[in-house]
Number of protein chains: 2
Amino acid sequence: MSKQEISVQPSGGCCAPISISALDETQAAEGAAVFKALSDPIRLRLMSIIASAGGEICVCDLTGQFDVSGPTISHHLRVLRQAGLVDCERRGTWVYYWSLPERMQWVSALLSIPEPALIS
Amino acid sequence: MSKQEISVQPSGGCCAPISISALDETQAAEGAAVFKALSDPIRLRLMSIIASAGGEICVCDLTGQFDVSGPTISHHLRVLRQAGLVDCERRGTWVYYWSLPERMQWVSALLSIPEPALIS
DNA sequence: CCGCTGATTAGATGAACTTCTACATAGTGG
DNA sequence: CCACTATGTAGAAGTTCATCTAATCAGCGG
């Protein structure tokens, strides 16, 4: 896995929270792409299950928790992967996914409101 | 403004970060709705301009910064409003928008990775 | 009261997205 | 080498979304 695909290239979480300064078009495009990946209820729940799994989790343990077909889960996992939020690896018959905390934290920081901002 | 519309009812930012525990279907639906509002480059940039304005900002100061028509900006602002991320008020001829930090911080907290989680 | 400007609403159109079924690929084990 | 299981890919169908133009609403000034 981790194959080369046309995906959002993480430019490195490098911009100030939006409560501090506005985003330029490039930053907005990258941020919006990540938010789009999280904008589906199934994907957000998938992301939360993977992120809270503490390590990695097998696709076979994900599929059963949703009322959609396997290919649909597969599709959603690819979207999360292309957004840089998770990565995966095949080991034998099974494929394991884990979350990429840096990416999550970058998006979190984008929306955060620093203490100084709360005071002013 | 602040009219009654079918929108995402903020249930109060009340769930743990997804790196700690998975979301149930209801929480995922509410979270995904907010992320969807932020999933468009124009909307995310609008949000960042409003949030970093320090107070409120007139629609007339927003429209000129984008290459889309006025009605399109209006549409995007409504989406942000329905997601509970901004609110607005008409004063005379002009309409002013401001950000709702609580909502922003709730979403930010959802994706945050608490210190203890980084250690374990 | 009428025209003007700012902003939103309504309706239409083309693109993107979610989901499915059918099929393909990867790996295990007899 | 073949059957079987776990995932992923391809393509299609229905729905949602972003955007535009045209029309409407709100407030100001003559």
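If you're wondering where the values come from, they're calculated on a predicted model, not measured in any experiment.
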Give the rounded distance in Å between these two atoms: [atom1] of [X] and [atom2] of [N].
X     : N      : atom1 : atom2 : answer
A:Q82 : C:dT18 : CD    : P     : 12 Å
A:D87 : D:dT7  : CG    : P     : 16 Å
B:R81 : C:dT9  : CZ    : C1'   : 12 Å
B:I57 : C:dG6  : CD1   : C1'   : 15 Å
B:Y96 : C:dG6  : OH    : P     : 12 Å

Would you jot down, in residue-number order, the residues of residues 36-52 of chain A having a non-hydrogen atom under 4.0 Å from DNA chain C?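 Per residue number, the list reads A:K36, A:D40, A:I42, A:R43.
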Residue list, side-chain contact (heavy atoms from CB on, under 4.5 Å) with A:P41, at least two apart or on another chain: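 Checked A:P41 against side-chain contact (heavy atoms from CB on, under 4.5 Å); matches are B:A32.
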Looking at every heavy atom in both B:G84 and B:L100, which two are closest together, and how far apart are they? O-CD1, 3.3 Å
B:I113 and B:S19 have their tightest heavy-atom pair at CA-OG, 3.9 Å
Listed partners of [X] passing side-chain hydrogen bond (donor to acceptor under 3.5 Å, both in side chains), at least two apart:
X      : result
A:T72  : A:S69
B:T26  : none
B:S108 : A:S108

Please list every donor-acceptor pair under 3.5 Å in which a side-chain atom of residues 45-61 of chain A meets a protein atom from a residue at least two apart or in another chain.
unit_1: A:R45; atom_1: NH2; unit_2: A:Q65; atom_2: O; d: 3.3
unit_1: A:S48; atom_1: OG; unit_2: A:R45; atom_2: O; d: 2.8
unit_1: A:S48; atom_1: OG; unit_2: B:L23; atom_2: N; d: 3.0
unit_1: A:S52; atom_1: OG; unit_2: A:S48; atom_2: O; d: 2.7
unit_1: A:S52; atom_1: OG; unit_2: A:I49; atom_2: O; d: 3.4
unit_1: A:S52; atom_1: OG; unit_2: B:A22; atom_2: N; d: 3.4
unit_1: A:E56; atom_1: OE2; unit_2: A:R91; atom_2: NH2; d: 2.3

For the backbone of [Y] and the side chain of [X], can you confirm whether one donor and one acceptor N or O come within less than 3.5 Å of each other?
X      : Y     : answer
A:Q27  : A:D24 : yes
B:R90  : B:G92 : yes
A:R103 : A:V86 : no

Give me the bend of the helix from C:dC1-D:dG30 to C:dG30-D:dC1, using the axes of the five pairs at each end, rounded to 10°. 10°
Give every residue pair that meets the salt bridge (charged side-chain N to carboxylate O under 4.0 Å, His left out) criterion with at least one member in residues 31-43 of chain B, sequence neighbours excluded.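 Not a single pair qualifies under salt bridge (charged side-chain N to carboxylate O under 4.0 Å, His left out).
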Look at A:R78 and D:dT9 and indicate whether a side-chain polar atom (N or O) is within less than 4.0 Å of OP1 or OP2. yes
OP1 or OP2 of C:dT8 under 4.0 Å from side-chain N/O of B:Y97: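 For C:dT8, OP1/OP2 do have a side-chain N/O of B:Y97 under 4.0 Å.
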Output the residues of residues 63-77 of chain A in contact with DNA chain D, where contact means a heavy atom of the residue under 4.0 Å from an atom of the strand; sort by number or write none. A:P71, A:S74
Which residue pairs pass the ring pair (Phe, Tyr, Trp, His ring centres under 6.0 Å) test when at least one of the two sits in residues 69-88 of chain A, sequence neighbours left out? none
Other than A:W94, which residues form its hydrophobic cluster under the rule that side-chain heavy atoms must be closer than 4.5 Å?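 So far as hydrophobic clustering goes, A:W94 is joined with A:Y96.
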Counting primed atoms, P, OP1 and OP2 as sugar-phosphate and everything else as base, the B/S/- map of nucleotides 24-30 of chain D against protein heavy atoms under 4.0 Å is --SSS--
